[in-house]
Protein chains: 2
Amino acid sequence: MAVKERMDYIKKQLHSQSYKLTPQREATVEVLLENEEDHLSAEDVYLLVKDKAPEIGLATVYRTLELLNELEIVDKINFGDGVSRYDLRKEGANHSHHHLVCIQCGDVSEIEEDLLGEVEVKVEREWQFKIKDHRLTFHGVCSKCQREKDSTNEEVGRQTVDQL
Amino acid sequence: MAVKERMDYIKKQLHSQSYKLTPQREATVEVLLENEEDHLSAEDVYLLVKDKAPEIGLATVYRTLELLNELEIVDKINFGDGVSRYDLRKEGANHSHHHLVCIQCGDVSEIEEDLLGEVEVKVEREWQFKIKDHRLTFHGVCSKCQREKDSTNEEVGRQTVDQL
DNA sequence: ATACTAAACGATAATCATTATCGTTTTCAT
DNA sequence: ATGAAAACGATAATGATTATCGTTTAGTAT
């Protein structure tokens, strides 16, 4: 399974920067590996890690997630609901990972495809800006909500599209 | 000047939804019109509005910005520095407004051009997602910091690229 | 294996942006 | 002019995140 290899890779990353490998950090990474599609908040991670290591503190979870973000192992993202969420980066792919946020049901789905290749070339050329990373999120109506609206013909109150 | 016309448009928008036009709201919109390029936070707006209307309260500024966001007159955005920022939408253009965030000096500049036309067509077709809006931000090194790095040859500590 | 030291920990207090509350004031249609 | 709904200012409450601090631990050198 790739899970073990990815865990080993992350451990190596920690060691190579002379960070210590603690059971708390290991348990946190495990939780992230087991819930990859879920856009977990720090609180979410905390509750899940407590199953594996009940003595862990919330502050440690925040510290670990911050560390993993600095090591570019996770992306810290914000969908405008007041909490930061943490996504494990796919191996290799370092930044082609976009989101579709439905403004009616609130669901978030992902696009793995790299959509911005040509766009990045253009931006780098025309604005002399060396791109290291990007965030792209679309707000709109998902296919399920489109179908429901068609069938009920009932106008659904439009939710606010706020922060990215 | 276009400022007056935009103000009138915004007043009309408020009235058409039977919101009341108060001096506080007018002063807030004035401040936004006079500081369009500045990505103001609620606190920033509050301090600027106090010059025009010293009796205004911070809560009113938050309420007004929230209202303007719902009316799609401003965009509420998040650059990962812990505060929401409010950008007046350009007239007509309803969502082609992107950001370049420098991970060294922290400067934010804007791209007005619509970069995503073809990308949106593709996303709508392939994911059956009806796009209403999007947020696109690039993180990287601005041209000024690239030049400075070249000349000093000194390694600059990498800042965290976090939310948004 | 033991001892050491910096790093990491848990508990919890502090911070800070944002939101809710509430009694008063104001807008605007009647 | 009047009255009701909306908006206001002041400020308390909330809630996510960060800082503090005394204790514990990982990893290295003895």
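Just so we're on the same page: letters track the sequence lines, and every chain starts at 1.
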> Is a side-chain donor or acceptor of A:N69 paired with a backbone partner of A:E66 at a separation under 3.5 angstrom?
Replying inline: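 Flag not set: sc A:N69 to bb A:E66 has no pair under 3.5 Å.
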> Taking for each residue the nucleotide of DNA chain C with the nearest heavy atom, is it B:L58 or B:Y19 whose nucleotide lies nearer the 5' end?
Replying inline: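 The residue mapped nearer the 5' terminus is B:L58.
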>> Rounding to an integer number of Å, can you tell me how far A:D81 CG sits from C:dT19 P?
In response: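 Atom CG in A:D81 sits about 12 Å away from atom P in C:dT19.
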> Given atom OH of B:Y62 and atom C1' of C:dC16, what is their separation to the nearest angstrom?
Replying inline: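 For the pair B:Y62 OH and C:dC16 C1', the rounded distance is 9 Å.
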>> Pairing donors with acceptors under 3.5 angstrom, does anything connect the side chains of B:E110 and B:H98?
In response: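 Looking only at side-chain atoms, B:H98 and B:E110 do not form any donor-acceptor pair under 3.5 Å.
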>> Please compare B:R25 and B:Y46 by the position of their nearest nucleotide in DNA chain D and report the one closer to 5'.
In response: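 It is B:R25, whose closest nucleotide lies nearer the 5' terminus.
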> Does A:R63 or A:E43 map to a spot on DNA chain D nearer the 5' end, using the closest nucleotide for each?
Replying inline: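 Result: A:E43.
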> OH of A:Y86 to OG1 of A:T64: how many Å apart, nearest 0.5 Å?
Replying inline: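 Rounded to the nearest 0.5 Å, the OH-OG1 separation comes out at 10.5 Å.
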> Would one find a side-chain N or O of A:H15 under 4.0 angstrom from OP1 or OP2 of D:dA26?
Replying inline: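 Indeed not, no polar side-chain atom of A:H15 lies that close.
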Tell me which nucleotide among [options] gets nearest to the side chain of [X].
{"X": "A:T22", "options": "D:dA7, C:dA8, C:dT18", "answer": "C:dA8"}
{"X": "A:K20", "options": "C:dA8, D:dT17, C:dT19", "answer": "C:dA8"}
{"X": "A:A59", "options": "C:dC9, D:dC8, C:dA11", "answer": "C:dA11"}
{"X": "B:V83", "options": "D:dT18, D:dA7, C:dA17", "answer": "C:dA17"}

> Which pairs, with at least one residue in residues 27-78 of chain A and sequence neighbours excluded, count as a ring-ring contact (aromatic ring centres under 6.0 Å, His included)?
Replying inline: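 The answer is A:H39-A:F79, A:H39-A:H99.
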>> Can you list, in residue-number order, the parts of residues 7-14 of chain A that come under 4.0 Å of DNA chain C, counting heavy atoms only?
In response: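 None, since no heavy atom is under 4.0 Å.
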> Do you know which two heavy atoms are closest between A:V119 and B:L115, and how far apart they sit?
Replying inline: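 For A:V119 versus B:L115, the nearest heavy atoms are CG2-O, 3.6 Å.
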>> Please determine whether side-chain contact (heavy atoms from CB on, under 4.5 Å) holds for the pair A:F138 and B:R135, giving the CA-CA distance in whole Å, both sets of side-chain angles, and the decisive distance to 0.1 Å.
In response: CA-CA 6 Å; A:F138 293 101; B:R135 300 297 152 87; over 6 Å; no
> B:P23 near the nucleic acid: base, sugar-phosphate alone, or nothing, with a heavy-atom cut-off under 4.0 Å?
Replying inline: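 Since only primed, P, OP1 and OP2 atoms lie under 4.0 Å of B:P23, the category is sugar-phosphate.
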> Looking at residues at least two apart in the chain, or sitting in another chain, which of them share a side-chain hydrogen bond (donor to acceptor under 3.5 Å, both in side chains) with A:K12?
Replying inline: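 A:K12: no side-chain hydrogen bond (donor to acceptor under 3.5 Å, both in side chains) contacts found.
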